[in-house]
Amino acid sequence: MAEISRLYYALGGGLGHAARAAAAAHTLAWRGPVTVLASHPAAPQLPAPENVAWRIVPPEISRDARAIRGWVQAEVNAARPDQFAIDCFPAGILGELSPDLFGGECVHVCRRLRWENYRPLLGTSAPPIRFSKAYACEELHPGQHEYLAGVSAAIEPLALVDPPRAAGGPRALPEGAWLVVHAGSGEEIARLEAYARKLMALEGCPGAPLVIAAPAGESPALADAAPLFPLAARIVCAAGFNTMRQTEAFAAQRRVLPMERRFDDQFWRAARCRDLP
């Protein structure tokens, strides 16, 4: 594949958007520089191809559509990429993106949206951004698929593969440990911890060690928990796209507590794997 420069818009809550951007760059074997615009400050800790550079949106503008648009415009002007990639939200997380921001080819990397909630934001982006290709990383909402079919030259499925991790091997876990993994708020981590302890009692192992793996956690504090998955007796998590994808090989050990999200249908994803509590 030709070595062209790319700018990848991957703003959104949690680490899933950034992890998907890194995996897409690796899976699609993109050459040349890839600048990823991300929201989570731990994004640079994720495994990523060597040609990926991270730019983190200032948190004070994260809810201001006009300010984000100006920040994206400045990044476009600085990078002057040959191609643009937009993650998940075809008009941006606040509907702030429009075709005049981009001077080159656009592609879309998408997972399922709660389309009834996101669809109204498209009214702020007229005309719509058009994509040379949309890569669907999971089954899309029918309305989402219909919309993308109208603005994309092609829609293709994309099975993501994570980039190789640095040498050193997985970290150790205590024998029989339960692992809580989440990149969300402290309140949500506490909910998952309480759920894990309830399940420990129900499954007959109330004294099992409990390890919390989160970007702001203490035991250990890390963005990439995937190396720990083979070592855990149980993996307790929400139903975000990236976590569900990475734990699929460990479904027998996985226990899922979906979280309410405005745009991410975690309950649909959890129901498909029959892991609803």
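- Counting non-hydrogen atoms of neighbouring residues, nucleotides and ligands closer than 6.0 angstrom, the CD atom of Glu187 reaches no more than 12 such neighbours.
- To the nearest 0.5 Å, atom CZ of residue Arg234 and atom CG of residue Leu210 are 13.0 Å apart.
- Cluster annotation: Val36 is not connected to Val161 through the hydrophobic network of ILVMFWY side chains, with a link wherever side-chain heavy atoms come within less than 4.5 Å.
- Between Val34 and Pro49 there is no side-chain heavy-atom pair separated by less than 4.5 Å.
- His40 has its side chain within reach of Pro215: a pair of non-hydrogen atoms, C-beta onward, lies under 4.5 Å apart.
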Got a list of side-chain donor-acceptor pairs under 3.5 Å for residues 71-78, not counting sequence neighbours?
from	atom 1	to	atom 2	distance (Å)
Gln73	NE2	Asn77	OD1	3.1
Glu75	OE1	Arg55	NE	3.1
Glu75	OE2	Arg55	NE	3.1
Glu75	OE2	Arg55	NH2	2.7
Asn77	ND2	Gln73	O	3.3

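- Taking the side chain as every heavy atom from C-beta outward, Arg31 and Asn51 never approach each other to under 4.5 Å.
- Leu37 CG to Leu7 CG: the interatomic distance, rounded to the nearest 0.5 Å, is 4.5 Å.
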Verify side-chain contact (heavy atoms from CB on, under 4.5 Å) between Phe267 and Met259, making sure each step is shown before the conclusion. CA-CA 7 Å; Phe267 290 86; Met259 300 288 175; over 6 Å; no

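- Here Arg255 contributes atom CZ and Cys237 contributes atom SG; the two are 10.5 Å apart, rounded to the nearest 0.5 Å.
- Between Ser5 and Gln83, the closest side-chain pair of non-hydrogen atoms is not below 4.5 Å.
- Annotation for Leu122 and Ala91: closest pair CD2-CB, 3.7 Å, computed over non-hydrogen atoms.
- A donor-acceptor pair is defined here as one N or O able to donate and one able to accept, closer than 3.5 Å; no such pair exists between the side chain of Thr27 and the backbone of Ala24.
- Under the 30°/60° scheme for interplanar angles, the aromatic rings of Phe84 and Phe102 are found to be tilted.
- A 4.5 Å side-chain heavy-atom check between Pro127 and Pro99 finds at least one atom pair inside the cut-off.
- In this structure the side chain of His141 never reaches within 4.5 angstrom of the side chain of Trp268, judged on heavy atoms.
- With salt bridges taken as basic N to acidic carboxylate O contacts below 4.0 Å, one links Asp100 and Arg69.
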Side-chain donor-acceptor pairs under 3.5 Å in residues 8-18, sequence neighbours left out?
from	atom 1	to	atom 2	distance (Å)
Tyr8	OH	Asp87	OD1	3.1
Tyr9	OH	Ile93	N	2.9
Tyr9	OH	Glu96	OE2	2.5
His17	ND1	Arg20	NH2	3.3
His17	ND1	Asp87	OD2	2.9

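- A donor-acceptor contact shorter than 3.5 Å links the side chain of Arg130 to the backbone of Gly150.
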Between Phe241 and Leu160, does the side-chain contact (heavy atoms from CB on, under 4.5 Å) criterion hold? Intermediate values first, please. CA-CA 11 Å; Phe241 168 84; Leu160 293 175; 3.9 Å; yes

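- Residues Phe131 and Val107 share a closest heavy-atom pair of CD2-C, 3.6 Å.
- For Glu116, the CD atom counts as densely surrounded, since its 6.0 Å shell holds more than 12 non-hydrogen atoms of other residues, nucleotides or ligands.
- The pair Glu193-Arg191 fails the salt-bridge criterion, with no side-chain N (NZ, NE, NH1 or NH2) lying under 4.0 Å from an Asp/Glu carboxylate O.
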What's the verdict on side-chain contact (heavy atoms from CB on, under 4.5 Å) for His182 and Glu188, showing C-alpha distance, side-chain angles and the deciding distance? CA-CA 8 Å; His182 193 54; Glu188 290 182 345; 2.8 Å; yes

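- The shortest side-chain heavy-atom distance between Ile189 and Ile212 falls under the 4.5 Å cut-off.
- Taking the side chain as every heavy atom from C-beta outward, His26 and Pro164 approach each other to under 4.5 Å.
- To the nearest 0.5 Å, the span separating CG on Leu94 from CD1 on Ile68 amounts to 4.5 Å.
- Shortest non-hydrogen contact noted between Arg261 and Asp264 is CB-O, 3.3 Å.
- Closest approach of Ala172 and Leu231 over heavy atoms only: CA-CD1, 4.3 Å.
- The distance from the CD1 atom of Ile129 to the CD1 atom of Ile86 is 4.0 Å, given to the nearest 0.5 Å.
- Side chain of Gln253 to main chain of Ile235: no donor-acceptor pair is present (N/O by atom type, distance under 3.5 Å, no hydrogens or angles).
- Within a 6.0 Å radius of CD in Glu50, other residues, nucleotides and ligands contribute 12 heavy atoms or fewer.
- Centroid-to-centroid, the aromatic rings of Trp115 and Phe263 stay 6.0 Å apart or farther.
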As a quick check of understanding, evaluate side-chain contact (heavy atoms from CB on, under 4.5 Å) for Glu203 and Trp178, giving each step before the final call. CA-CA 12 Å; Glu203 296 188 22; Trp178 285 47; 3.9 Å; yes

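- For Glu105, there are no salt bridge (Lys or Arg N to Asp or Glu O under 4.0 Å) partners, not counting sequence neighbours.
- Remark: Glu138 does not engage Arg245 in a salt bridge, criterion side-chain N to carboxylate O under 4.0 Å.
- Atoms CG and CD, on Asp265 and Glu260 in that order, are 8.5 Å from each other to the nearest 0.5 Å.
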Please assess Asp162 against Gln246 for the test side chain to side chain donor-acceptor pair (under 3.5 Å), listing each intermediate value before the final yes or no. CA-CA 9 Å; Asp162 288 321; Gln246 290 185 331; 2.8 Å; yes

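- Closest non-hydrogen pair, Arg111 versus Cys88, comes out as CZ-SG, 3.4 Å.
- Within the 3.5 Å criterion, the main-chain N or O of Ala239 finds a donor-acceptor partner in the side chain of Arg269.
- Taking all atoms of both residues into account, the shortest heavy-atom contact from Pro209 to Gly176 is CD-O, 3.9 Å.
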